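This report concerns only the one structure given below.
Atoms considered below: every heavy atom in the structure, side chains included; atoms not considered: hydrogens, waters and symmetry mates. Note that the structure is a prediction, hence the values are computed from the model and not measured. We number each residue from 1, following the sequence as shown.
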Amino acid sequence: MIAPLLPSYPAPALDRLRDLADLRALPAEDLPGLAEEIRDVVVSTVTRTGGHLGPNLGVVELTIALHRVFSSPEDAIVFDTGHQSYVHKLLTGRRHEFEQLRQPGGLSGYPSRAESPHDLVENSHASTALSYADGLSRGFALSPGRHRHVIAVVGDGALTGGMCWEALNNIATADRAVVIVLNDNGRSYAPTGGAVGRHLADLRGATGKFRISVFENLGITYVGPVDGHDIDELERALRKARALCRPVVVHCVTTKGRGHEPAEIDEADRMHAVPPAPSTAAGTASAPTAARPPAWTSVFADEIVRLGRRRPDLACLTAAMLRPTGLHRFAEEFPERVIDVGIAEQHAVTCAAGLAMAGMHPVVAVYATFLTRAIDQVLLDVALHRLPVTFVLDRAGVTGDDGPSHHGMWDLSLLQAVPGLRIAAPRDGARLRQLLAEAVAADGPTALRFPRGTTGPDVPELRTEGGVDVLYETDRRDVLLVTIGPMAAVGVRAALKLGEHGTGVTVCDPRWVSPPGQALVDLAARHRLVVSVEDNLRVGGAGAHLALAVTAAGVRTPVHALGLPAEFLPHGPRPDILRRNRLDTAGLTRTITALMAGVTGAARHTGHAEPTGRTPRVPSPRDRERAGRR
Ligand SMILES: Cc1ncc(C[n+]2csc(CCOP(=O)(O)OP(=O)(O)O)c2C)c(N)n1
Ligand SMILES: CC(=O)[C@@H](O)[C@H](O)COP(=O)(O)O
Ligand SMILES: [Mg+2]
């Protein structure tokens, strides 16, 4: 953790708080002023560092009241998704570190057990808090000692996730002290839809009128609706809930983006997540220009609309992320063919299976990391039936500032185990368009994965061999470098550097990376060493599967798969994390040089025939010019 800087924003009331006891000792009349200071600190910091502005502005009073009524960390407070835990961090001793929110080595944008005993759940995947609460309350009930309360802060969006209802089904079975603080701002990114959204809207409007909530029907006491910005009302409701010592939901009505007008009027998503200020971020995404290539998501958004015009059987599904996944334009043009299932990826996948059985070709657009919770559905609801469903996985690979539970680095390892599922990884915008068209034309399951950020310039192929694009080659066949997706540009630059030192590298992009095709095996047989490089785990990645295919074909060329370690990688700029894992040009060049030394040494030792003695063609000015364009 880097040394805390002096706070950039004066917050005298907040700075006088040494601990939660001081917060609890504050007179009620001081609390609105504290809330205002906290809002100012959140706005001034998050607009600089990037992060979740709207969600945190909506829980200022709620978090103050929570920490005045309950005694964290004795009482366990769990934040669902965790993107709304900045106020919690400011109140639990991290005021100074907050300046470094989401910065390398700085505070995580989600709860972090390494940062504080007040933080329990680091996973940023939604709809888990109630399951943790059920387990915590059972564990506390089984452990002797002081009676400890469990409090779960759950958003209305998170409540559309199936795990919440699995947990409620259990929580309601016994009188354990579980307080469910329902933070109802009526939105995920967009307004919360479905029957859950409708029911909550009914309850919000029920002040003074008698209304039975679904929670009461399950046997959970319902308290509310409560004004989520009135600290006094919140404290009264929370004290009432605490005294009940049984499952209770406190329905808090809040405003996402509260107190910051640009967020309050942001129709799209109330400034749910804002990018870092240009001075803070290395290369903030902004409008594409001839020099600045478009975002991957916008290329997908454009191409899926073009395909939708030609294919009336295309239907698209999102899990409460219509705009973040680029489906908003398809929804505008084909509203009847877009389905927002809420934060319910498992349902999205099996609903897509149903759509395919009904003759449609569904496209399920999710962030790669969120598909991990629907692998069973991909495997046994889609692939077992060999259904024509296409999964479009945005944010595949290292994502960056959202940290370990957001890096989309497991999809290739998990999906390559799914029989019959073909996986494509476009290297640039042009290939994304081509591969998307091929995917939705397939009569079985397909997946397409691409990273967060901009596409980079197109990387044209020299020629294509059995469906594999050859991007660069010399007349010496030392190394076959198989680049997966956007690693192509890195691979070509590394090949040029290696060529300057006498190593002949053939760079190829399989486009359809799984299952590995015969053409790749044939190419491997013609080289002394195969190296693959991917923005995914090495374990079970594309390179691992290529090695299996090369060995199974009886080809003796050694295969080295390069990729990410099977670790939870911290938050940080994507380029930094790739560089630290030697997946940048310099790292790849060094790795291949070392591997080649091994191969050459082994050949000298075993007398294995050297390849043709000709040195690789020195890269022509045209080669350099082309590589420079990448
Ligand atoms: C499984 C999963 N899918 C999608 C997301 C992306 N996501 C992050 S926050 C969010 C909206 C959450 O809405 P809500 O629970 O109401 O919290 P709010 O932001 O309104 O405070 C979504 C969809 C996620 N974190 N986890
Ligand atoms: C908390 C969450 O899951 C999302 O809000 C995520 O932070 C969005 O990430 P992007 O900024 O990549 O869309
Ligand atoms: Mg919400």
Can you name the residues that form a side chain to side chain donor-acceptor pair (under 3.5 Å) with D227, not counting sequence neighbours?
none
Would you check if H407 and I577 make a side-chain contact, meaning some heavy-atom pair closer than 4.5 Å?
yes
Has E345 got a side-chain atom pairing as donor or acceptor with R373's backbone, closer than 3.5 angstrom?
no
Are side-chain N/O atoms of S71 and E74 paired as donor and acceptor at under 3.5 Å?
no
Are a donor atom and an acceptor atom from the side chains of S124 and H406 found within less than 3.5 Å of each other?
yes
By side chain to side chain donor-acceptor pair (under 3.5 Å), which residues pair with S108, not counting sequence neighbours?
none
Donor-acceptor pair, D340 side chain versus A320 backbone, under 3.5 Å?
yes
Which residue pairs satisfy the ring pair (Phe, Tyr, Trp, His ring centres under 6.0 Å) criterion with at least one member in residues 145-204, sequence neighbours excluded?
F70-H149, H147-H149, Y189-H272
Lys/Arg-Asp/Glu bridge criterion (N-O < 4.0 Å) met for D75, R242
no
Approximate separation, where rounding is to 0.5 Å, of I38 CD1 and L91 CG
4.5 Å
Look at the side chain of E122 and the backbone N and O of Y110, then say whether any donor-acceptor pair between them is shorter than 3.5 Å.
no
How long is the span from the CD1 atom in I343 to the CG atom in L159, to the nearest 0.5 Å?
9.5 Å
Regarding D232 and R236, does a basic nitrogen lie under 4.0 Å from an acidic carboxylate oxygen?
yes
Check this for me: does any side-chain nitrogen of one of R94 and E115 sit under 4.0 Å from a carboxylate oxygen of the other?
yes
Under a 4.5 Å cut-off applied to non-hydrogen side-chain atoms, are L26 and L17 in contact?
yes
Does H88 have its ring centroid less than 6.0 Å away from the ring centroid of H67?
yes
For the CG atom of L62 and the CG atom of N183, what is their distance to the nearest 0.5 Å?
5.5 Å
Note, T325 side chain near T297 side chain (heavy atom, < 4.5 Å)
no
Please walk me through it: do D22 and R18 pass salt bridge (Lys or Arg N to Asp or Glu O under 4.0 Å)?
CA-CA 6 Å; D22 284 353; R18 290 160 305 173; 2.8 Å; yes
Measure the spacing between CG of L371 and CD of Q346 and express it to the nearest 0.5 Å.
10.0 Å
Taking the side chain as every heavy atom from C-beta outward, state whether V41 and R95 have any pair of such atoms under 4.5 Å apart.
yes
When you compare the side chain of L564 with that of N536, does any pair of heavy atoms fall below 4.5 Å?
no
Distance from D80 atom CG to I180 atom CD1, nearest 0.5 Å?
11.0 Å
Residue pairs meeting ring pair (Phe, Tyr, Trp, His ring centres under 6.0 Å), one or both in residues 223-253, sequence neighbours left out, come to Y222-H251
Taking atom CD as the centre, does E36 end up with more than 12 heavy-atom neighbours from other residues, nucleotides or ligands that are less than 6.0 angstrom away?
no
Does some side-chain heavy atom of F300 sit less than 4.5 Å from a side-chain heavy atom of V392?
yes
Using a 6.0 Å cut-off, check whether atom CZ of R386 has over 12 heavy atoms from anything other than its own residue.
no
If you measure from the Lys or Arg side-chain nitrogens to the Asp or Glu carboxylate oxygens, is any gap between R187 and D269 under 4.0 Å?
no
Distance from L238 atom CG to I231 atom CD1, nearest 0.5 Å?
11.5 Å
If you measure from the Lys or Arg side-chain nitrogens to the Asp or Glu carboxylate oxygens, is any gap between D535 and R574 under 4.0 Å?
yes
Taking the side chain as everything from C-beta on, heavy atoms only, tell me whether R113 gets closer than 4.5 Å to L120.
yes
Hey, is the main chain of S188 close enough, under 3.5 Å, to the side chain of T192 for a donor-acceptor pair?
yes
I need the minimum non-hydrogen distance between Q84 and V59, along with the two atoms involved.
O-CG2, 3.6 Å
Can you check salt bridge (Lys or Arg N to Asp or Glu O under 4.0 Å) on R449 and D411, steps first, answer last?
CA-CA 8 Å; R449 60 144 15 214; D411 56 290; 2.7 Å; yes
Donor-acceptor pair, distance only, cut-off 3.5 Å: does the side chain of R270 make one with the backbone of D266?
yes
May I have the list of side-chain donor-acceptor pairs in residues 125-133 shorter than 3.5 Å, sequence neighbours left out?
unit_1: H125; atom_1: NE2; unit_2: T369; atom_2: OG1; d: 2.8
unit_1: H125; atom_1: NE2; unit_2: S405; atom_2: O; d: 2.7
unit_1: S127; atom_1: OG; unit_2: A158; atom_2: O; d: 2.8

Does one side chain, of S116 or T92, offer a donor that lies under 3.5 Å from an acceptor on the other?
no
Any non-hydrogen side-chain atom of F391 less than 4.5 Å from a side-chain atom of V382?
yes
Backbone N or O of R68 within a donor-acceptor pair of the E235 side chain at under 3.5 Å?
no
Those residues at least two apart in sequence (or on a different chain) that pass side chain to side chain contact (heavy atoms under 4.5 Å, CB included) with A263 are H260, M271
Examine distances only and state if a side-chain atom of D119 and a backbone atom of S112 form a donor-acceptor pair shorter than 3.5 Å.
yes
